[in-house]
Structure formats: C-alpha cells, structure tokens
Amino acid sequence: MSDHWYKDAIFYEVYVRGFFDSNGDGRGDLPGLIAKLDYLVELGVDCIWLLPTYPSPRKDDGYDVSDFVGVHPEYGTLADFDRLIAEAHHRGLKVIGDLVLNHCSSEHPWFLSARSDPASPYRDYFVWSDDATQYKDARVIFSDTERSNWTYDAVSGRHYWHRFYAHQPDLNFDNPKVQDEMMGVADFWLRRGLDGFRCDAVPYLFEREGTSCESLPETHAFVKRLRAHIDANFTGRILIAEANQWPEDLVPYFDGEFQMAFHFPLMPRMFMALRQETKKPIVEILQRTPQIQDGCQWGLFLRNHDELTLEMVTDAERDYLYEEYAKDPQMRLNAGIRRRLSPLLGGSRRRVELLHGLLLSLPGSPFLYYGDELGMGDNVYLGDRDGVRTPMQWSSDVNAGFSRAEPAKLYSPVSMDAVYNYQSINVEVQNRSEASLLRWVRRMIRARKTTRAFGRGALAFVETENERVLAFVRTYEKEEVLVVANLSRFVQPASLAMGVHAGKRPREIVGEAVFPVLTERYFLSLGPHAFYWFRLETPT
Ligand code: NOJ
Ligand code: CA
C-alpha cells in the first residue's frame, strides 16, 4: 500500500468490549480481538479502528478517560495492546486508536487534583468559572442528559466547563501544558505502532466568548501543530476528524491537519433518499461538498457506535427521519436515532445491500460498524447507546459464542429478538450459507478492490431522466466505473446520458457480464433497489 493507503482502505470499527471475550469474564478484550483478526482479514478489512481502550470509569463507555497512557484492565494490558498491533501488522492489517483530546474523566488524577487544591499544577488544565455565564452561544450536545455546559463543583466551589457529560470536564487547550500533554499521548501510542487516530470531538477544543465554540482558529492551529509533529516523527500515520459539521466547514480541517474527516451530512441523506425514493438528497449534498486536497479523503459510514445523528439536517428533515425511522420514542436519543442498520431498514436485505452498494462506491473510504456485516439487530430498551453495542454474534452457542461466562455475567444481554436473535444471525451460520449477507459483503469488498477508482476517482453524475435512479461515473487514471442505483422499491427505467462515454463497453464488476456498448442515451431497467457497478472498457 502506498503512502495514501487510507484512500484504498476498508475500515472496520471494533467495539473491543463487545467483540470477543477470551477469559470468560463476560467482557470482550484485546486477546479476544487478536483471536478474531483472521475473521476481519477474510472479510477484506484493511484497517481496524478501536473504540477507546483506556482505563476509565466507563460512564461514557471509555470516552471518559482516567489514564491516557494505559489499557483498561478489563481489556488486558499494554503488552496485549502491543501484541494486538504486532499480530494485526503481521496480517497486513492497520490499527488506529481513538484519541480523546477534548476532555477526560472527572476521575482522572488531573481533575481530582485540580478540584481539590487551588495551587494544584493541574488547576489550569481545566476551564473554570465563578458564575457559569460564559460561552452562552455554545450548544449542549448531550441534550437529553445535560442542561448546561457548566457544572458546579462543590469541592472547588467553582463551575467547570464540559461539552459532553458533566463527568467529562473539558481540558483547557489554552494552557500550553495541556497541548504538550496531549501531543505526548499521541506520541506514546504512535511509538507503540498505532497507524493513526480517529480524533474524538475535534471542533470543541477551544472556547471563545461570542462564538459557538466550535472549529475556532485556535483549534485549527493546535491540530496543525499536532499533524506537523506526527509527520516529522512518524511515517504513514493518519489523523481522522470526528467533526460533525457541514462539508464546507470541514475544508479547513484538511489543510495541513487531518488526512480524513467523516462525511456526517451525507449519512442521514442516504437514509432520506432511500425512504423518499429519490436521489435528490444525495446529489445535493455531494454537489455542496467541496473538492478536498490531494492526499485527503472522506470517511463514509452508515452507522457507528453512537446514535444516528440528525444534527446536519433541517428541522423538517429531522422530523421526517424521526417519523420514518424512529416512531417509537424509545428509539430516539439526543438529536438522533439509536438503532442499527438492519432494523432501521426494516430488515430488508435489498435495502441493506443498496446502502452498502453506495457506501462502497461513493467518494471516500468506507467504515463498517461491527456486526452490520451480519445484519445484527439492536436493543432499544438498553440505556444510552448501549443498544447498538451488544455482543458480536459469532455462533448459535451460548452467549452467541462471544463468551464462556454465565449469561447473567455478560456486560450486555445478547440479542434475543424474534428476528435478530443470535441463533439465526451469526458468523458461523452465515459462513455456511452462500446467500448470507456476510458472504455478500465479503464479495462486494473484493469487488471494490478490483479498481482504485472507488477510493480515488473523481465523481461525475450521470443524468437518468428518472429521479429515482442515481447514476455516476468514478474516474481514476485509466479506470472508469459506472454506478447505477435504483432507490425505489419498484422496478425502474433509466435513460443514461452517457456523453463522452458512448462507445465504451460496460462490464459488470461482480459477475463480469458484458453489456451492450454504451450509446449516447443508454437504456437500462433496474429491479427494486437494484444497483450495478460497471467497469467501462474500450472495445478493441
Ligand atoms: C463522540 C463519541 O463518538 C461518543 O461516543 C462520545 O460520547 C463523545 N464523542 C464524547 O467523547
Ligand atoms: Ca474478558
């Protein structure tokens, strides 16, 4: 893989706690993940993203860090971490971690010291206020739980600033010591061999009066320093921004800062397009997406470990998506929907395939969320976002083959849902059946890898005379791929305006079937939710 390896890579998000339990204590761990690396290699994954594995009281599932340079004892040891990296690299897999820059746990020794002693060297590691009146224009993100970004601390008699849960005090990036401290954390993990980081909550590092306290110039300046430092000391490592912002607001983050950023606004629009059976939402957001620099790449995803966030849509669109995808209030959380992919799509295999067809072919690198390759379900009766973090379903054995612990000891119940239960939906069963979703996803990943146009190509929309049919050409060097997708549940005609491509011969990428040579107006009919990937060849 080249320096820009991430452009061709398939990413896979691993929730270590829910992946595989090696020692029978009911919780997934690093040795368990090592034992399952071959599964990921076989799936065709190139890079795994580990959700936080730091010591933590786990009130936000590890995003409340109490030691930035350690491993949670439930997960194993630093030696296990080193072994994971070695074993992954040995298989050609890269590993990125989660760098939680913005905040730490209120149980972190820095905060314990800061709150209890005004003279503490850590006092200025946090953002304090006597009257909690500052930064009123900053929105509250965890709006279902928190009323304010300030919380009164009885120990210090002052209020401290937090963009997330009250138990996650923000670090004060105005303090150069904090900046150095966090650069040191990055160094620590990169020296152990991590291939980069997904950087958590990037926009919120600094706060300034009279602003939204998001994506401030000071935040950009810090990230530039971090990137320059990493580039100077390591090779081939990447930084990925978790910045839930409009595409145009992400452009500065690509300027000497991150190699990648998640495309948050595209994600809900894929769900909208599918429901409204029109390509419009997808086309509009991609037209609004600026060109990004060479060496930069979008991260595409359908679902992740959080709620499906609806922050990057209008109020009317949010109402629509809630109504269509989360009728039951139990399914809603903050400004989002806490469900997994397959249940969101009513268990429809065709819809799941169509969205994967887009995920794997639109401009960017795809991120798969563990278990979605099986069509795992969720449990909306668990608290917070736990319902999309249930144990990985490996087999029909007790505890879904995830753990040998007594079932009552598991960190979370396994799915016993009538449709998504582990006896029917699991790796072992799907490995056996040629028609399974798992084997389909594996084939599509292989198919994607036959051309670099998907990861690197330019995008040009193709007019289809049918708003239900999305078509585009991806071009990279000599390679051209035509993608056609029917967003409707009914059969659809499409008349593709092939322009300069007329005269080329489409070869369907998965089955290799050769189609009639393209004409200026090329007619295709598409079955319900069908999508095709064609390689365009020049007839000899
Ligand atoms: C974003 C993470 O994805 C989420 O899980 C977490 O709760 C917040 N950042 C706070 O760290
Ligand atoms: Ca364990």
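Every number for a ligand or one of its atoms is a count from 1 in the order of the listing. Computation of the quantities below employed the complete heavy-atom set of this structure, encompassing side-chain atoms and omitting hydrogens, waters and symmetry-equivalent molecules.
Contact atoms of ligand 1 toward F142: 7 (O) (distance under 4.0 Å to a heavy atom of the residue). The ligand atoms of ligand 1 that sit less than 4.0 angstrom from a heavy atom of E242 are 1 (C), 3 (O). Near F164, meaning under 4.0 Å from any of its heavy atoms, are these atoms of ligand 1: 8 (C), 10 (C). Less than 4.0 angstrom separates some heavy atom of R385 from each of these atoms of ligand 1: 4 (C), 5 (O), 6 (C), 7 (O). Annotation for ligand 1: atoms under 4.0 Å from non-hydrogen atoms of H103 are 10 (C), 11 (O).
Within D29, OD2 is the N, O or S atom that lies nearest to the Ca ion (ligand 2). Considering just the N/O/S atoms of D21, the one nearest the Ca ion (ligand 2) carries the name OD1.
Between D372 and Y12, the side chains place no donor N or O within less than 3.5 Å of an acceptor N or O (distance only, hydrogens not considered). Donor-acceptor pairing under 3.5 Å is lacking for the side chains of S396 and Q423. Inspection of the Y39 and E373 side chains reveals an N or O donor paired with an N or O acceptor under 3.5 Å. A donor-acceptor pair shorter than 3.5 Å cannot be found between the side chains of D64 and H108. In this structure, a donor-acceptor pair under 3.5 Å is present between the side chains of D61 and Y15.
Taking the six-membered ring for Trp, F301 and F264 have ring centres closer than 6.0 Å. Separation of the W110 and Y125 ring centroids falls under the 6.0 Å cut-off.
Ligand 1 is approached by R198 to a heavy-atom distance shorter than 4.0 Å. Not a single heavy atom of Y165 sits under 4.0 Å from any atom of ligand 1.
Closest protein heavy atom to atom 6 (C) of ligand 1: D60 OD2, 3.4 Å.
Neither the backbone nor the side chain of F262 comes within contact range of ligand 1; no heavy atom lies under 4.0 Å. Heavy atoms of R163 found under 4.0 angstrom from ligand 1: none, in either backbone or side chain.
The nearest N, O or S atom of R27 is closer to the Ca ion (ligand 2) than 3.0 Å.
Our summary of the site lists the angle at the Ca ion (ligand 2) between OD1 of D25 and OD1 of N23 as 80°, to the nearest 10 degrees.
Remark: of the listed residues D170, N102, T151, T151 is the sole one forming a side-chain hydrogen bond (donor to acceptor under 3.5 Å, both in side chains) with H162.
When the heavy-atom distances from atom 3 (O) of ligand 1 to D306, N102, D200, N244 are ranked, the shortest goes to D306.
Y54 is not listed as a side-chain neighbour of V69, based on a closest heavy-atom distance of 4.5 Å or more.
A salt bridge is absent between R58 and D60: the closest approach of a Lys/Arg side-chain nitrogen to an acidic carboxylate oxygen does not fall below 4.0 angstrom.
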